[in-house]
*Asks:* 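I am attaching a structure below and will ask some questions about it afterwards.
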Amino acid sequence: MNNALYRLIEPRNEPVKYYEKESHDFVQIMETFNAWRQRKLEIPLIIGGKRIYTGKTKQLINPNNHQEILAVYHQAGEKEINMAIDAARQAKEEWMTLSWVERVSIYLKIAELLSKKYRYDINALTMLGQGKNIMQAEIDAACESIDYLRFNSYFLSQLYEKQPFSDYSALNRMEYRPLEGFIFAISPFNFTAIALNLALAPALMGNTIVWKPASTAVLSNYFLMQIYEEAGLPPGVVNFIPGNGSTIGDIVLSHPDLGGVHFTGSTTTFNQIWKTVANYLEDYKSYPRLVGETGGKDFVVVHPSADVDTVVTALIRGAFEYQGQKCSAASRAYIPESLWGRIRHQMLQVLSEIKIGDVSDPNNFVNAVIDQQAFDRIMRYIDYAKSSTNAQIIWGGGGDSSVGYYIEPTVIQVFDPYFKTMQEEIFGPVLSIYVYKDSEWSDMLQLVDRTSPYGLTGSIISQDRKAWIEACRVLRFAAGNIYYNDKPTGAVVGMQPFGGARKSGTNDKAGGYLNLLRWTSPRTIKENFLPPTNYKYPYLD
């Protein structure tokens with residue numbers, strides 16, 4: 001029996017590869033990308049370690065060229081959904097009683113496989129299926145995924161070390177149990193790393209998972225499942241069931257053994273999950289934990305003291321990297337009159353240099369949005385701005401879905417600070433800008449706080465520290481992640497635990513120890529060395 005007390009080394013974030021042209025990394029990623037592009041996979045469900053082919057299939061389409069079918073995947077029906085629940089329940093006892101060191105060992109092996117053996121593969125599949133360019137795939141599918149695995153393992157070891165005080169008369173212990181039941185993980189298309197973390201963070205704490213991946217991310221997510229298996233994750237710990245969201249949700253959310261939901265997606269969907277769970281409260285064995293990260297209407301607040309180069313770079317990267325398909329993307333900006341002329345001129349100059357096209361050409365900074373539904377939704381917002389007297393499109397505004405789902409980076413100057421595109425999440429390459437009078441800085445901060453129902457991320461760009469402090473105070477509840485002199489995107493695991501409140505979710509901070517606490521139900525144990533043998537206290541004698 002191994003009775004060593006393990007202490008994991010404090011992790012460091014996975015170094016980012018930059019894929020300089022003609023470098024070894026660049027050549028390898030492009031070769032891997034092209035090789036995967038030639039393969040047409042048939043993707044099954046994975047339930048209890050078994051491949052299940054239901055016969056009800058759906059095509060996976062390349063968003064940059066929608067005539068190109070990347071794969072077909074099988075969808076779960078009622079039978080398979082119940083099979084996945086049963087598999088998770090059956091795997092629970094063995095998994096939760098396994099030493100935490102053994103669980104962590106599997107996770108650290110997954111991280112090494114992603115870092116060394118399968119880095120180019122997971123990036124290439126994310127590029128193909130989810131339309132990310134090389135850089136966006138690298139910081140997501142490789143680096144952030146690896147960071148989640150290593151940092152969560154370390155946070156787990158720290159958490160388990162936290163024990164209550166004991167005196168000489170008794171020994172007190174804290175057992176960090178998993179939640180009773182199974183966890184339902186519902187992942188989005190836009191981050192491969194989020195898909196990994198939504199399933200594996202609860203599983204690290206001893207829970208077992210029913211995982212519904214986004215239909216447009218099945219390609220990379222299926223590959224993750226294969227890596228988990230290679231690393232030794234036991235069958236049934238994570239059960240992979242692509243399929244129709246409402247069909248799966250209706251069955252899973254009504255099950256009495258539902259222990260929790262780990263979700264990233266739209267606010268509307270999370271609201272519906274919450275309402276559905278409320279309807280079944282009398283049937284559950286325990287109150288399910290609901291952890292969700294939802295929408296955002298993320299702001300960039302520019303002070304008159306701001307550096308123009310910093311502002312322009314933050315706006316371009318924050319709004320248009322990955323076509324604005326990040327819940328943290330810069331979506332509304334507030335710029336002082338005194339800087340607007342210079343910022344506008346410089347921003348339009350930069351936008352004129354940006355290339356749009358297929359991820360297969362690394363020179364393209366902007367690529368396709370994820371699918372036709374997203375294209376149509378985003379274009380409706382742009383068309384609304386075009387037809388309004390309260391807004392003016394100063395760059396972009398075009399879209400073409402004839403080959404891929406391409407939308408130009410679009411900048412809208414609004415004359416009404418409550419204009420529709422300043423309030424509602426668009427989830428596309430659209431940035432709305434309101435120009436305010438320099439003298440109205442303090443009033444403008446109040447405006448930012450009350451304009452949108454969301455509270456995810458925001459940035460304050462200023463060279464005046466007093467202005468930072470004022471903005472941070474006024475916008476205390478407007479964002480769960482605030483950035484000074486930076487874009488409002490790009491939270492790094494272990495450095496900026498991520499999440500927001502209001503209509504942006506439950507703010508349980510993925511990438512930090514707080515998220516792991518949500519997946520455990522602690523039990524306190526007291527051992528009394530010399531228990532009393534008479535009920536009478538001394539004053540009763």
Side-chain angles (χ1 to χ4, degrees), residues 81 84-85 88-89 91-93 95-96 100 103 148 152 155-156 158-160 162 174-188 194-213 236-239 241 245 248-267 269-295 327 455-456 480 497-524:
I81 298 164
I85 294 171
R89 294 167 67 207
K92 181 71 171 286
E93 179 67 25
W95 178 244
M96 74 178 182
W100 71 268
R103 297 201 304 267
Y148 273 132
N152 279 348
F155 294 145
L156 172 78
Q158 288 188 312
L159 180 62
Y160 281 5
K162 295 184 184 301
M174 184 73 77
E175 177 190 0
Y176 293 92
R177 304 173 298 180
L179 302 182
E180 197 169 10
F182 66 91
I183 305 302
F184 185 27
I186 310 166
S187 58
I194 291 177
L196 175 145
N197 191 58
L198 291 182
L200 292 193
L204 183 62
M205 304 303 294
N207 297 285
T208 51
I209 314 299
V210 174
W211 175 24
K212 186 233 168 290
V237 173
V238 176
N239 299 280
I241 53 167
I248 296 173
D250 287 346
I251 296 171
V252 174
L253 295 175
S254 63
H255 198 283
D257 281 337
L258 179 69
V261 176
H262 206 189
F263 173 85
T264 294
S266 74
T267 302
T269 302
F270 193 53
N271 287 350
Q272 187 58 49
I273 290 170
W274 205 290
K275 292 174 184 176
T276 302
V277 167
N279 288 334
Y280 291 104
L281 283 182
E282 301 297 333
D283 301 327
Y284 297 132
K285 289 181 180 177
S286 304
Y287 291 109
R289 300 279 175 85
L290 303 182
V291 176
E293 192 266 294
T294 58
C327 49
L456 191 54
F498 187 78
R502 292 182 174 171
K503 295 300 182 185
S504 290
T506 56
N507 200 18
D508 288 294
K509 294 301 182 193
Y513 73 91
L514 291 171
N515 185 271
L516 296 184
L517 284 171
R518 297 288 281 154
W519 307 117
T520 185
S521 179
R523 178 169 68 165
T524 301

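Note that the structure is a prediction, hence the values are computed from the model and not measured. In this chain, residues are counted from 1 in sequence order.
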*Asks:* Below 4.5 Å, heavy atoms only, C-beta onward: do Thr294 and Phe263 meet side chain to side chain?
*Replies:*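 Contact flag for Thr294/Phe263 side chains = yes.
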
*Asks:* Looking at Trp95 and Ala203, would you say the former's side chain and the latter's main chain have a donor-acceptor pair under 3.5 Å?
*Replies:*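 Yes, because the side chain of Trp95 sits within donor-acceptor range (under 3.5 Å) of the backbone of Ala203.
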
*Asks:* Just verifying a value: how many Å separate Phe184 CZ and His255 NE2, rounded to the nearest 0.5 Å?
*Replies:*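 The distance works out to 12.5 Å.
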
*Asks:* Please determine whether side chain to side chain contact (heavy atoms under 4.5 Å, CB included) holds for the pair Ile183 and Ile209, giving the CA-CA distance in whole Å, both sets of side-chain angles, and the decisive distance to 0.1 Å.
*Replies:* CA-CA 5 Å; Ile183 305 302; Ile209 314 299; 3.7 Å; yes

*Asks:* Are the side chains of Phe498 and Cys327 in touch, meaning some heavy atoms are under 4.5 Å apart?
*Replies:*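 Counting from C-beta outward, Phe498 and Cys327 do come under 4.5 Å.
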
*Asks:* Using the six-membered ring wherever Trp is involved, compare the ring planes of Trp274 and Phe270 and label them parallel, tilted or perpendicular (cut-offs 30° and 60°).
*Replies:*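 Perpendicular: the ring planes of Trp274 and Phe270 meet at over 60°.
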
*Asks:* Side-chain contact test, heavy atoms from C-beta onward, threshold under 4.5 Å: evaluate it for Leu258 versus Tyr284 and give yes or no.
*Replies:*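 Touching, per the 4.5 Å side-chain cut-off.
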
*Asks:* Would a 4.5 Å heavy-atom cut-off, applied to side chains only, mark Ile85 and Arg89 as touching?
*Replies:*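 SC-SC contact between Ile85 and Arg89 confirmed.
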
*Asks:* Do Asn197 and Asn152 have side-chain N/O donor and acceptor atoms under 3.5 Å apart?
*Replies:*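 The answer is yes; a qualifying pair exists.
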
*Asks:* Who pairs with Tyr148 by ring pair (Phe, Tyr, Trp, His ring centres under 6.0 Å), at least two apart in sequence or on another chain?
*Replies:*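 With neighbours one apart ignored, the set is empty.
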
*Asks:* So Ile186 and Ile273, do their side chains get closer than 4.5 Å, heavy atoms only?
*Replies:*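 Yes, at least one pair of side-chain atoms sits under 4.5 Å.
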
*Asks:* Any sub-3.5 Å donor-acceptor pair from Arg103's side-chain atoms to Leu204's backbone N or O?
*Replies:*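 Pair found, side chain donor or acceptor close to backbone of Leu204.
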
*Asks:* Minimum heavy-atom separation for Gly295 to Ser504, with atom names?
*Replies:*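 Result for this residue pair: O-OG, 2.6 Å.
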
*Asks:* Is the shortest side-chain heavy-atom distance between Ile194 and Pro188 below 4.5 Å?
*Replies:*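 Yes. Closest side-chain heavy atoms under 4.5 Å.
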
*Asks:* Run the side chain to side chain contact (heavy atoms under 4.5 Å, CB included) test on Val277 and Tyr287 for me, step by step, so that the C-alpha distance in whole Å, both residues' side-chain angles and the decisive distance to 0.1 Å come before the verdict.
*Replies:* CA-CA 9 Å; Val277 167; Tyr287 291 109; over 6 Å; no

*Asks:* Over 60° means perpendicular and under 30° means parallel, so classify the ring planes of Tyr160 and Trp100, tilted if in between.
*Replies:*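 Geometry flag for Tyr160 against Trp100: perpendicular rings.
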
*Asks:* Using a 4.5 Å cut-off on heavy atoms from C-beta on, say whether the side chain of Leu290 contacts that of Thr506.
*Replies:*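 No, every pair of side-chain atoms sits at 4.5 Å or beyond.
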
*Asks:* Ignoring hydrogens and angles, tell me if any N or O in the side chain of Thr267 forms a donor-acceptor pair with the backbone of Lys503 under 3.5 Å.
*Replies:*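 Flag set: sc Thr267 to bb Lys503 pair under 3.5 Å.
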
